[in-house]
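Note that the numbering runs from 1 along the sequence shown for the chain.
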Amino acid sequence: MLSLLYQEGPSTEGIFRRSGSAKTCKELKEKLDSGAEVDLACESIFVTASLFKDFLRNIPGSILSSQLCDKWISVMDQGNNEEKIKSIQRLIEQLPRANVVLLRYIFGVLHGIEMRSEENQMNAFNLAICIAPSLLWPPVSSTPDIESEFTKKISSLVQFLTENCCRIFGEEITSLFGEI
């Protein structure tokens, strides 16, 4: 999935914003869940993006860990960018290794898409609005007003992560997929 998003995402206008066919997504999710072979290259890239966001939303406790939710949210209240980056790196160290590996690939994809935002209309802000709710959610449900404020804060964090991913994850993030 990530490889396809890395390949096609940068040249696809509105990637992550437009949804894939709900029927196709449901059928493919059932196939994937049952362990059947699925060739996503034959599907719309919007279906792949929708499936990927669904996958992220189904990670127990979220990929950024709902247990660290308050700490993630408070990062953006810190002083300068250097302090934010250091805080983010300390939080990343507290995540399971599998989460960190997946985050590196996710932000490698987002970085590639952002680099061609003039073509695809998906700058870091737009990407964050679309993908942030799939990366972190509060451990308990709350009122719509609190959830709206939370969504704004997590979107701001994901935008910052996208814009600074090379400094946070290392320059090699741009070559994780090699020459595809």
Side-chain angles (χ1 to χ4, degrees), residues 1-2 5-6 9-10 12 14-18 49-50 52-177:
M1 269 190 235
L2 281 169
L5 291 168
Y6 180 80
T12 304
I15 190 69
F16 292 119
R17 184 183 301 135
R18 290 180 42 198
S50 295
F52 185 65
K53 288 195 303 186
D54 180 71
F55 165 78
L56 291 173
R57 284 190 297 272
N58 283 292
I59 293 174
S62 82
I63 190 166
L64 291 175
S65 179
S66 294
Q67 292 177 328
L68 299 173
C69 190
D70 292 339
K71 292 178 182 178
W72 282 114
I73 295 303
S74 69
V75 164
M76 296 310 292
D77 296 331
Q78 296 184 13
N80 63 33
N81 286 354
E82 285 305 314
E83 291 170 17
K84 290 175 185 166
I85 289 170
K86 282 185 173 52
S87 291
I88 288 168
Q89 288 171 327
R90 282 192 298 273
L91 285 169
I92 288 171
E93 288 173 6
Q94 296 178 50
L95 296 173
R97 173 107 177 98
N99 294 38
V100 175
V101 170
L102 182 54
L103 279 172
R104 289 173 53 87
Y105 279 95
I106 291 168
F107 283 97
V109 168
L110 296 179
H111 175 75
I113 292 169
E114 180 201 19
M115 291 291 96
R116 292 186 38 200
S117 63
E118 285 188 24
E119 178 181 350
N120 60 43
Q121 306 302 307
M122 295 300 288
N123 58 26
F125 175 81
N126 292 336
L127 286 166
I129 294 295
C130 295
I131 202 99
S134 301
L135 298 180
L136 181 66
W137 49 87
V140 293
S141 61
S142 54
T143 67
D145 288 346
I146 292 173
E147 285 185 19
S148 174
E149 189 60 32
F150 175 82
T151 300
K152 288 178 189 169
K153 288 182 177 186
I154 189 62
S155 293
S156 175
L157 171 69
V158 172
Q159 178 180 350
F160 185 83
L161 281 161
T162 303
E163 291 170 343
N164 295 281
C165 65
C166 292
R167 293 183 57 211
I168 293 166
F169 294 103
E171 289 293 330
E172 67 276 3
I173 197 169
T174 60
S175 60
L176 289 174
F177 292 91

Closest approach of Pro138 to Cys69 (non-hydrogen atoms, all atoms of both residues): CA-SG, 3.8 Å

Heavy-atom pair of closest approach, residues Ala128 and Pro133: O-CD, 4.1 Å

Ile129/Phe16 under side chain to side chain contact (heavy atoms under 4.5 Å, CB included): CA gap, chis, key distance, verdict: CA-CA 9 Å; Ile129 294 295; Phe16 292 119; over 6 Å; no

Exceeds 12 heavy-atom contacts within 6.0 angstrom, atom CD of Glu119: yes

Ile113 backbone acceptor or donor facing Asn120 side chain under 3.5 Å: yes

Trace of the side chain to side chain contact (heavy atoms under 4.5 Å, CB included) decision for Leu136 with Leu68: CA-CA 9 Å; Leu136 181 66; Leu68 299 173; over 6 Å; no

Reported CZ-to-CD1 distance for the pair Phe52 and Ile106, which is rounded to 0.5 angstrom: 4.0 Å

Distance (rounded to the nearest 0.5 Å) between Thr151 OG1 and Trp137 CH2: 12.5 Å

Distance in Å, Asp77 CG paired with Lys84 NZ, rounded so as to fall on 0.5 Å steps: 8.5 Å

Asn80, CG: over 12 other non-hydrogen atoms inside 6.0 angstrom: yes

Lys53 side, atom NZ; Met1 side, atom CE - distance, nearest 0.5 Å: 13.0 Å

Donor-acceptor contact present, side-chain Ser134 to main-chain Arg57, <3.5 Å: no

Heavy-atom side-chain proximity of Phe107 to Val158 below 4.5 angstrom: yes

Side-chain touch Cys166/His111, heavy atoms, less than 4.5 angstrom: yes

Side chains of Ile88 and Leu157 in contact at under 4.5 Å (non-hydrogen atoms): yes

Side-chain touch Leu161/Leu103, heavy atoms, less than 4.5 angstrom: no

Trace of the side chain to side chain contact (heavy atoms under 4.5 Å, CB included) decision for Leu56 with Leu135: CA-CA 6 Å; Leu56 291 173; Leu135 298 180; 3.8 Å; yes

Intermediate values then yes/no, side chain to side chain contact (heavy atoms under 4.5 Å, CB included), Met76 and Lys153: CA-CA 8 Å; Met76 296 310 292; Lys153 288 182 177 186; over 6 Å; no

Sidechain-backbone polar pair: Arg104 side chain, Phe169 backbone, donor-acceptor under 3.5 Å: yes

Aromatic ring pairing Tyr6/Phe177, orientation class (parallel under 30°, perpendicular over 60°, tilted between): parallel

Shortest non-hydrogen contact from Leu95 toward Asn99: CB-CB, 4.3 Å

Heavy-atom check, side chain of Asn123 versus side chain of Asn126, under 4.5 Å: yes

Spatial distance of atom CD1 (Ile15) from atom CZ (Arg116) [nearest 0.5 Å]: 12.0 Å

From CG (Leu102) to CD1 (Ile59), nearest 0.5 Å: 5.5 Å

Arg18, CZ atom: more than 12 neighbouring heavy atoms under 6.0 Å: no

Side chain proximity check, Met122 to Cys130, heavy atoms < 4.5 angstrom: yes

More than 12 heavy atoms of other groups within 6.0 Å of Glu118 CD: no

Side chain Ser148, main chain Asp145, donor-acceptor under 3.5 Å: no

Phe125 atom CZ: more than 12 heavy-atom contacts under 6.0 Å: no

Side-chain heavy atoms of Lys152 within contact of Ser155, under 4.5 Å: no

Between Gln78 and Ser87: side-chain donor-acceptor atoms closer than 3.5 Å: yes

